[in-house]
Number of protein chains: 2
Amino acid sequence: MANTRAYAATSPTSGMAPYSFDRRALRPDDVAIEIDYCGVCHSDLHTVENDWGGSQYPVVPGHEIIGRVTAVGQDVTRYQPGDLVGVGCMVDSCRTCSACDSGLEQYCIEGSTMTYGSLDRHDGTVTHGGYSENIVVSDRFVVRVPENLDPASAAPLLCAGITTYSPLKHFKVGKGHKVGVLGMGGLGHMGVKLAKAMGAEVTIFTRSESKVAEAKKQGADHVIISTDKAQMKAAADSFDFLLDTIPVAHDLNPYLKCLKYDGTHILVGLLTPVEPALQAGLLVTKRRVVAGSLIGGMPETQEMLDFCAEHNITCDVEMLDIRNINEAYERLKKSDVKYRFVIDMDTLKQG
Amino acid sequence: MANTRAYAATSPTSGMAPYSFDRRALRPDDVAIEIDYCGVCHSDLHTVENDWGGSQYPVVPGHEIIGRVTAVGQDVTRYQPGDLVGVGCMVDSCRTCSACDSGLEQYCIEGSTMTYGSLDRHDGTVTHGGYSENIVVSDRFVVRVPENLDPASAAPLLCAGITTYSPLKHFKVGKGHKVGVLGMGGLGHMGVKLAKAMGAEVTIFTRSESKVAEAKKQGADHVIISTDKAQMKAAADSFDFLLDTIPVAHDLNPYLKCLKYDGTHILVGLLTPVEPALQAGLLVTKRRVVAGSLIGGMPETQEMLDFCAEHNITCDVEMLDIRNINEAYERLKKSDVKYRFVIDMDTLKQG
């Protein structure tokens, strides 16, 4: 599949520019997908600018991919040309470890192969993501997108959606639970929608009074201004779960105090040290838990899409012409998007 | 019940000395107990020296109490004079909140009444613990001690035992699990015995080669020298649970790396900040959990004693003459005891 047009960064400071490369020929279990839409995740920007180290240039980002199947390998039975499908953060894993056996490919003991910037397990080439015309992915890592979902606004479900759905499901959030959502970006606003659909009473924690109306619009039952000590004190010992989507270091202790005994604080955004230091006593004296969670496995990703179709849940998106990707990144740095940019891949063909 | 002889501290620096006070007259639900043995917990020392602040002098410590019932209030049906019973860290709670309703009195929403240094909920007096001839406790907070347990070495089960039993039970430790125990003091050595009895494969983590023989003697299947980087690296991703009994600030990150995905690091010793900072990425990328746990509820405390009776588990103790309590405290500061001092209360009568 020669001459695939894409956008790529060739260095941490190059910005994104048109780029062409060859997608691999179909392996027996491969699905070829013509990409219609690709969400823009903050991880894309971190990788492009090598914030986490280890980026392999050229970087073709994008792991919130929706498109139509154009061809399948000889062993593929689940998909056929014309199917509406999605690809998320992973495109491969060892497939034999206990995690993979349990459908938890994201915790693959050998490490899963990410959609971009990883080394392909078979030919050692660097994987390239969804800012491109098409992609070739093993069928295990392809999910079916229900036709009643708007495909453009469904694209971010493949990362923002599953990242919030998976821990809510794993920790058994449901009716009767009080859930707090920390942070109101791409992940946070999905967390609100999903927790509400699961039957929970949802509170958004935000630092600023100016976001209250928006929080209510997102469906939150309540809003707590986290910088208001009186409001935080009144919330003490009252939450079953906190879904923490804040991506930068922040003080967990005031939030931990808001958890009931046996309450769980779930980190999905923070990847850096917990600073200031966690007060161990806040965990010990109430059997509280701090847990992490990473995206979700493939069976769970399919389940999440089906759940979203059933509950008519998609992401709030702003459509993007790929030729404006560098400006979009600048706006992303200022959190100036409600709540996810999605690239209309038709604009690539015009570029 | 006038003129109860005891040992007390009258200031943070006074040390322990003979002291007399009046135990309350029996309320309808009270059980009067003549104390035979009382374990010496590190918390006793912290409270005596006001390390945590808020100590109310005089302090009569002791919350690992075993003795015989001498009298019961008019409403008490579960106990009668002569019964061998125990009292642990709590002597009261609100009894009406959701935690109390679930037999989790240690997480009482209003805060439980501790065996010493708390204010009695009825008369506002300061509670006095087990370094004394007798104690009067509401029957809900009294447990039955199986007669086949050696009462002296069973005393520390009321704190060290339940503190380690409760999280192992709550987090469902059992056959097929790999459990690491961090720290090998009063709590740690109980954790090894209990986790082994629950069917787990148990590894002791210790900083020093010199403790390997002792760790094996305690029944550990394996020993890892936590200061040996090669050993720690070899242990990566291999434990289901870590029971962390280390009471002082320490780096959790090298231990977190030893947990499998979905593994749980349980804090029962640490009450101060987690320093150096926790690496959130170690939780997120493997859905690992850091949890706290505090002693145990009353039904679970009874269950623990019955479990210990069934498996013939007691604490390793060194018997202590109460007149030597100040020297024992000095040795405690140097962790110079295997693994718990237990006061023989007969020595109080001789004092």
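In what follows, every chain begins at residue 1, and chains take the letters A, B, ... in the order their sequences are listed. All of these numbers come straight from a predicted model, not from anything done at the bench.
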Heavy-atom distances under 4.5 Å only: say whether [X] touches chain A with side chain, backbone, both or neither.
{"X": "Y107(B)", "value": "both"}
{"X": "L104(B)", "value": "side chain"}
{"X": "T163(B)", "value": "neither"}
{"X": "N253(B)", "value": "neither"}
{"X": "C108(B)", "value": "backbone"}
{"X": "S98(B)", "value": "both"}

Below 4.5 Å, heavy-atom pairs only: which of G281(B), G269(B), A280(B) has the largest tally toward chain A? A280(B)
When only pairs under 4.5 Å are counted, which of P167(B), S293(B), A249(B) shares the most heavy-atom pairs with chain A? S293(B)
Would Q106(B) and Y261(A) satisfy side chain to side chain donor-acceptor pair (under 3.5 Å), going step by step from the backbone distance to the final call? CA-CA 10 Å; Q106(B) 77 273 35; Y261(A) 72 91; over 6 Å; no
Any donor-acceptor pair under 3.5 Å linking the side-chain atoms of E300(A) with those of S166(A)? yes
Judged by modelled atom types alone, do H177(B) and D240(B) share a side-chain donor-acceptor pair under 3.5 Å? no
Closest heavy-atom contact between D251(B) and Y255(B)? O-CD1, 3.4 Å
Inter-residue atom distance M190(B).CE - M304(B).CE, 0.5 Å rounding: 7.5 Å
Can you tell me which portion of S102(A) sits under 4.5 Å from chain B's heavy atoms? Options are side chain, backbone, both or neither. side chain
May I ask you to decide if the ring planes of Y339(B) and H189(B) are parallel, tilted or perpendicular, using 30° and 60° as cut-offs? parallel
Does L256(A) offer a backbone N or O that forms a donor-acceptor pair with the side chain of R288(A) under 3.5 Å? yes
